[in-house]
Amino acid sequence: MGRSTVLDHARAAFRAREWPRALDGFRRADTLAALAADDLDLFARAAYLTGHDDDSVALYERAFAAHLEAGESESAGRSAFWLCFLLMGRGEVARAGGWLERARQSGVAERPDCATSGFLMIPGAVQEMYANRPNEALPIFTAAQHIGRACHDADLLALGSLGIGQCRVLLGDVEGGLRTLDEVLVSVGLGEVSPVVSGLVYCAVIETCYGTYHLQRAKEWTQALGRWCDDQTGLVPFRGQCLVHRAQMLQLEGDWSQAMDLARLALQRLSDPPGQPAMGMALYEQGELHRLRGSFAEADAAYRAAGRYGQEVQPGLALLRLRQGDTAAAVAGILRGLGEASNLDRPHGDRARHRGCRRRTAQRRRTRGTDPDTGCSGTDSDGRPRTGCGPARRRRSLRRPRTVATIRQALA
């Protein structure tokens, strides 16, 4: 079989989303003769989607150089963007920043009529958003979205809209933000967006829905992500994270046994190749399920392992400490978590914080001889709870938001 035929088969496999066959075809063609820049981009993407991250990085570097040699600065900038994306996902932030700056020096970043200029805005906007500065990130994402729409680039339009939706949620417009995210996922479902961007959008939207307690939305999009993963032969990224999201939904439905099976399968999938970012999520979910089932030692070990992968372990670890009777450690952990969390994470932290405060208050009332359910320290002459006590007052107090200062006072 000649090289051109091998290359045609590799391209056809790529279009069919048969990633291992595409990877093998591009590798064979590249062995016969060095691939052109556009085919190197496809080769790099197939390597990423089959879990060969190191190969993908090296191939994007080759694609960048080949595009520059051919005088294709816009295409070179796009290769550099995906290289930056890969490196940031691996935690190599300095190296990613170096490639981003190299792409900007090619001059494409200053061209508003060029889709690549919009792509090069995305990493800075993401950094602002995750630094909890959505006011600064929102106009950058909006500018990128406008460029994507003007240039008819579905990937850039999707990434810009994704960032806009997440920023709106962070700024308190949860319903408006989720409507924007739903719209992005419609374009993903129609096949208008490339596989890598599709997977990113699915996972980001599900995490946002789950983090803001819009659980029906999270369940629907988790099911859609599962179908999307199943339709692609040999897909490695996103598949393990999909299993984690499915486990989360089963946990919420009370099917803890099946949820644990999926969490274990997710860990197995995420272990090969090693270093996948969702590993911390899978370990945290295992910790949650162990805690709910009363296996406290196993839960503690899972939370600690999740933390080593950079996963936030609150509120799960705090709720574990609460179950173990260490209320002070539980509330202290939640205070730390709330201090570091974005608005996307706060609903879970707030719920655990209130639970810790209720437990602390009940302990103090028992110490003072008060009724932990009514909050009363005595009765009036007719044997009724004193004025201001009773379940009605307790229900009102739970609806009243507590400030961080109030929580700190509970630790005194």
Side-chain angles (χ1 to χ4, degrees), residues 1-109 111 114-120 122-123 153 155-156 159 194-197 199-200 232 234-238 273-277:
M1 187 183 298
R3 179 181 180 274
S4 62
T5 304
V6 171
L7 193 53
D8 286 342
H9 286 176
R11 292 167 180 161
F14 188 94
R15 289 192 297 271
R17 302 190 176 189
E18 297 176 1
W19 308 122
R21 192 162 70 89
L23 180 70
D24 182 61
F26 284 123
R27 183 177 287 125
R28 289 174 59 198
D30 193 45
T31 302
L32 295 170
L35 293 175
D38 288 340
D39 287 320
L40 283 170
D41 280 321
L42 297 181
F43 190 5
R45 198 169 301 179
Y48 171 73
L49 291 167
T50 50
H52 297 85
D53 288 5
D54 289 340
D55 291 341
S56 185
V57 168
L59 288 164
Y60 273 125
E61 289 176 345
R62 283 180 59 192
F64 177 85
H67 282 304
L68 280 186
E69 186 177 346
E72 301 163 349
S73 58
E74 183 175 348
S75 296
R78 188 169 300 207
S79 297
F81 165 78
W82 287 114
L83 185 53
C84 175
F85 157 78
L86 271 172
L87 293 170
M88 288 182 72
R90 290 153 55 110
E92 298 182 46
V93 179
R95 190 177 169 195
W99 274 102
L100 191 62
E101 184 59 30
R102 192 168 184 182
R104 286 172 176 154
Q105 288 175 2
S106 66
V108 294
R111 291 173 48 192
C114 165
T116 301
S117 67
F119 278 104
L120 297 180
I122 298 294
D153 191 298
D155 279 359
L156 179 56
L159 290 174
S194 72
V196 176
V197 175
L200 286 172
Q232 298 177 76
L235 181 71
V236 171
F238 313 119
Q276 296 187 57

The reported gap from CG in Leu23 to CG in Leu49 (rounded to nearest 0.5 angstrom) is 10.0 Å
Classify the ring geometry of Phe14 against Trp19: parallel below 30°, tilted from 30° to 60°, perpendicular beyond 60°.
perpendicular
Pairs meeting criterion salt bridge (charged side-chain N to carboxylate O under 4.0 Å, His left out) with involvement of residues 35-46, two or more places apart
Arg11-Asp39
Does anything in residues 75-94 form a salt bridge (charged side-chain N to carboxylate O under 4.0 Å, His left out)? List the pairs, not counting sequence neighbours.
Asp54-Arg90, Arg78-Asp153, Arg90-Glu92, Glu92-Arg95
Is any side-chain heavy atom of Leu200 less than 4.5 Å from a side-chain heavy atom of Phe85?
yes
Between the CZ atom in Phe81 and the CG atom in Leu156, the distance rounded to the nearest 0.5 Å is 8.0 Å
NE2 of His9 to CZ of Arg21: how many Å apart, nearest 0.5 Å?
7.5 Å
For the CZ atom of Arg27 and the CG atom of Leu35, what is their distance to the nearest 0.5 Å?
11.5 Å
Any side-chain heavy-atom pair of Leu7 and Phe26 under 4.5 Å
yes
Looking only at heavy atoms, what is the nearest atom pair of Leu86 and Ser56, with distance?
CD1-OG, 3.1 Å
Leu83 side chain reached by Phe64 side chain, heavy atoms, under 4.5 Å:
no
Once you round to the nearest 0.5 Å, how far does CZ of Phe119 lie from SG of Cys84?
12.5 Å
Separation of Thr31 OG1 from Arg3 CZ (nearest 0.5 Å):
10.0 Å
For Glu72 and Ala37, work out which heavy atoms get closest and say how close.
OE1-CB, 4.3 Å
Taking side chain to side chain donor-acceptor pair (under 3.5 Å) as the test, write out the residues that go with Trp99, two or more places apart.
none
For Ala34 versus Asp30, what's the shortest heavy-atom pair and its separation?
CA-OD1, 3.5 Å
Which atom of Ser79 lies closest to which atom of His67, heavy atoms considered
OG-CD2, 3.4 Å
Please report the closest heavy-atom contact between Ala47 and Leu59, naming both atoms and the distance.
CB-CD1, 4.2 Å
In terms of heavy-atom contacts, Ala22 and Ala46 come closest through CB-CB, 4.4 Å
